[in-house]
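A quick write-up on the structure given underneath.
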Protein chains: 2
Amino acid sequence: MRILIADDDPQMVRALRITLGARGYDVVVAEDGRGALDQAIATHPDLVVLDLGMPGLTGLEVIEALRGWTDVPILVVSGRTESWDKVEALDAGADDYVTKPFSADELLARVRALSRRATPAPDEPVVEFGDVAVDLAARLASRAGSPVRLTPTEWRILEVLLRHPDRLVTREILLTEVWGPQYTSDTGYLRLYLSQLRKKLEPDPSNPRYLLTEAGMGYRFVPDR
Amino acid sequence: MRILIADDDPQMVRALRITLGARGYDVVVAEDGRGALDQAIATHPDLVVLDLGMPGLTGLEVIEALRGWTDVPILVVSGRTESWDKVEALDAGADDYVTKPFSADELLARVRALSRRATPAPDEPVVEFGDVAVDLAARLASRAGSPVRLTPTEWRILEVLLRHPDRLVTREILLTEVWGPQYTSDTGYLRLYLSQLRKKLEPDPSNPRYLLTEAGMGYRFVPDR
DNA sequence: CTCGGGCGTGAGGATTTCGTGAGGACCGGG
DNA sequence: CCCGGTCCTCACGAAATCCTCACGCCCGAG
């Protein structure tokens, strides 16, 4: 049972780490929004304890980005007590909202309640298409048996596409997931990285069969039938 | 979406009934512990809002009794703010715990968060007519099984029409949705794109059966039957 | 019958979007 | 300091899409 703590206050992090660690939870820490997303992708936690007041991305943006690809329970911890803040966070996809200060016992009970509800993470099967195999959890890609190196950015894009087989993923969603919501008009990035991914994964990169472009809209991963 | 309110305070019941009823929830009420269990069995609510301080059975007993046979989300509402009370309720099987007083907005947001967990977001149904199937969410259209390629503008128009089956959609609405409010007199665009859509989707494009024109008014999508 | 308005549709040209190569900025490790 | 790897900028030809324009049809009014 792994818990990601996303909080920039060292004292809070320390307290949470001790509280949760003592209960046998495996604790991972991130200190800003981007780090939280990176850690979430890298470690696939079973629950996220998220402080809203971090530098970088806003808490809301982190919630939305997470919800783009995972159903992991999100417990928001915040100093803001206004009901509007709670409504925003919950509607963005958070599962619970606790205001500081709070007791360790209460937090633990809420963590237990959330993990009880959580759908047991189905082990992600390896995605295969053509002579390529991609293990998202292990961050391992291979082609005709031999490993293929992908850069971090390539992984992020590929992951979003592979998690929505047959669905069109809009340029906006991809850009938001990978670079953040303020980059939604930099479509050139996508062209560049899709080109790279095809070069590494497609049988005939100039005639893509799996990673398709829909002009003016976005991209689509089409698995073999 | 049916919600069971278990509370013995008539004023609170009244407030909750109004708040929830106005949002379209179907509200059922019980005023003591036994009544709550009876109502739960009788009406099978999709969510329970439970006051801990009811006469008869204690709140904890109600939670445990419910958990004996149902996974319905339980949102506890209580005047008791001690963390011990929260821990007890949550560990007994409650999913959330809100202390009085609370704002209606917050309660509603928590209700939404809980029901979201209970029933994973329902996928939009696929719209079918003739030998055509359209999945708006996935941006996937097919005809007799093989995919049909639509341009972004075609998608936007089709989406508006398909979301209002059997209803007349005025040219003004269509133009505003797709090109913006300043294009409401460029009706030529609609003729052009409707023609394209029919060519791609209608069995006999020159005798439309699903995407009908209402001269001088607008267009109408008529599903089978 | 004639006429005119609204509609459908084909044919390009205008515009936007894509794919891709080349190369510079940045960074952490030897 | 150099170096490999990664990310990003820039540029340009190709492709897809959008829009303009022209023409013909249908149908009701006069």
Side-chain angles (χ1 to χ4, degrees), chain A residues 34-35 37-38 41-42 139 141 147-159 161 168-175 177-180 182-221, chain B residues 139 141 147-159 161 168-172 174-175 177-180 182-220:
Chain A
R34 171 123 312 276
L37 295 180
D38 290 342
I41 290 173
R139 276 283 184 275
V148 176
R149 285 187 64 83
L150 299 181
T151 71
T153 307
E154 287 164 4
W155 270 114
R156 292 212 199 104
I157 294 175
L158 186 64
E159 174 154 27
L161 288 173
L168 175 82
V169 182
T170 64
R171 298 179 296 200
E172 189 182 8
I173 290 179
L174 275 170
L175 287 163
E177 295 286 325
V178 179
W179 283 272
Q182 61 273 43
Y183 289 81
T184 48
S185 45
D186 288 312
T187 61
Y189 295 172
L190 291 179
R191 292 205 293 279
L192 180 59
Y193 283 98
L194 261 293
S195 174
Q196 314 251 81
L197 278 172
R198 284 171 180 149
K199 231 182 308 185
K200 295 182 179 180
L201 302 176
E202 284 278 359
D204 175 6
S206 54
N207 273 65
R209 179 172 161 191
Y210 301 105
L211 304 176
L212 307 187
T213 300
E214 311 255 332
M217 299 192 288
Y219 295 85
R220 187 196 304 270
F221 164 60
Chain B
R139 278 283 190 269
V148 175
R149 172 170 288 280
L150 300 182
T151 71
T153 307
E154 287 163 5
W155 271 112
R156 282 190 235 128
I157 294 175
L158 186 63
E159 177 157 22
L161 289 173
L168 173 75
V169 182
T170 65
R171 297 181 295 201
E172 189 182 21
L174 275 171
L175 286 163
E177 291 284 325
V178 179
W179 282 272
Q182 61 272 43
Y183 289 81
T184 47
S185 45
D186 288 308
T187 61
Y189 294 172
L190 291 179
R191 291 205 294 280
L192 178 59
Y193 283 99
L194 261 293
S195 170
Q196 313 252 79
L197 278 173
R198 284 170 181 150
K199 222 182 321 182
K200 295 182 180 181
L201 302 177
E202 285 278 0
D204 176 7
S206 52
N207 272 66
R209 179 172 161 191
Y210 301 105
L211 304 175
L212 308 187
T213 300
E214 310 262 330
M217 308 277 295
Y219 294 86
R220 185 196 304 269

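Letters A, B, ... are given to chains in the order of the sequence lines, protein chains preceding strands, and every chain is numbered from 1. Bear in mind that the values here come from a model prediction, so they are computed numbers and not experimental data. Just so you know, these numbers use all the heavy atoms, side chains as well, and skip hydrogens, waters and symmetry mates.
Residue contacts for B/T187: at a heavy-atom cut-off of 4.0 Å it reaches no nucleic acid atom on any strand shown.
We find that NZ of A/K200 is positioned 6 Å from P of D/dT6, with the value rounded to whole Å. One interatomic measurement links the two molecules: CG of B/D186 to C1' of C/dG6, which rounds to 15 Å at whole-angstrom precision. In this structure, CD of A/Q196 is placed 10 Å from C1' of D/dC7, rounded to the nearest angstrom. One interatomic measurement links the two molecules: CD1 of A/I157 to P of D/dC8, which rounds to 10 Å at whole-angstrom precision. Remark: C1' of C/dT20 and CG of A/L194 are 12 Å apart, rounded to the nearest angstrom. Between the C1' atom of C/dT17 and the CD atom of A/E214 lies a distance of 13 Å, rounded to the nearest Å. Spacing between atom OH of A/Y193 and atom C1' of D/dT9 amounts to 11 Å, rounded to whole angstrom units. In this structure, B/E154 atom CD and C/dT9 atom C1' are separated by 14 Å, rounded to whole Å.
Of the candidates C/dG19, D/dT9, C/dG8, D/dT9 carries the atom nearest the A/Y189 side chain, counting heavy atoms from C-beta on. Nearest nucleotide to the A/P152 side chain, out of C/dT9, D/dC18, D/dC7: D/dC7. Candidate nucleotides C/dC18, D/dT17, C/dG19 were compared by shortest atom distance to the side chain of A/R171, and C/dC18 ranks first. In this structure, of D/dT17, D/dC8, C/dG19, it is D/dC8 that holds the atom nearest to the side chain of A/L192.
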Determine, step by step, whether B/W155 and B/Y193 satisfy the ring pair (Phe, Tyr, Trp, His ring centres under 6.0 Å) criterion, reporting the C-alpha distance in whole Å, the side-chain angles of both residues, the deciding distance to 0.1 Å, and the verdict. CA-CA 10 Å; B/W155 271 112; B/Y193 283 99; over 10 Å; no
Passes side-chain contact (heavy atoms from CB on, under 4.5 Å), A/L201 versus A/L158? Steps please. CA-CA 10 Å; A/L201 302 176; A/L158 186 64; 4.0 Å; yes
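For A/E172, the CD atom sits in a loose shell: 12 or fewer heavy atoms of surrounding residues, nucleotides or ligands are nearer than 6.0 Å.
A salt bridge is absent between A/R171 and A/E214: the closest approach of a Lys/Arg side-chain nitrogen to an acidic carboxylate oxygen does not fall below 4.0 angstrom.
Distances shorter than 4.0 Å separate some side-chain N or O of B/Y219 from OP1 or OP2 on C/dG8. The shortest distance between the side-chain N/O atoms of B/T151 and the OP1/OP2 oxygens of D/dC18 is below 4.0 Å. When the side-chain nitrogen and oxygen atoms of B/R191 are compared with OP1 and OP2 of C/dG6, none of them lie within a distance under 4.0 Å. Under 4.0 angstrom from either OP1 or OP2 of C/dC7 there lies no side-chain N or O belonging to B/T213. In this structure, A/W179 does not reach the D/dC7 phosphate: none of its side-chain N or O atoms is under 4.0 Å from OP1 or OP2. Contact between the side-chain N/O atoms of A/K199 and the OP1/OP2 oxygens of C/dG21 is found at a separation under 4.0 Å.
In summary, the side chains of B/R156 and B/T151 do not present any donor paired with an acceptor at a separation below 3.5 Å, with no hydrogens or angles considered.
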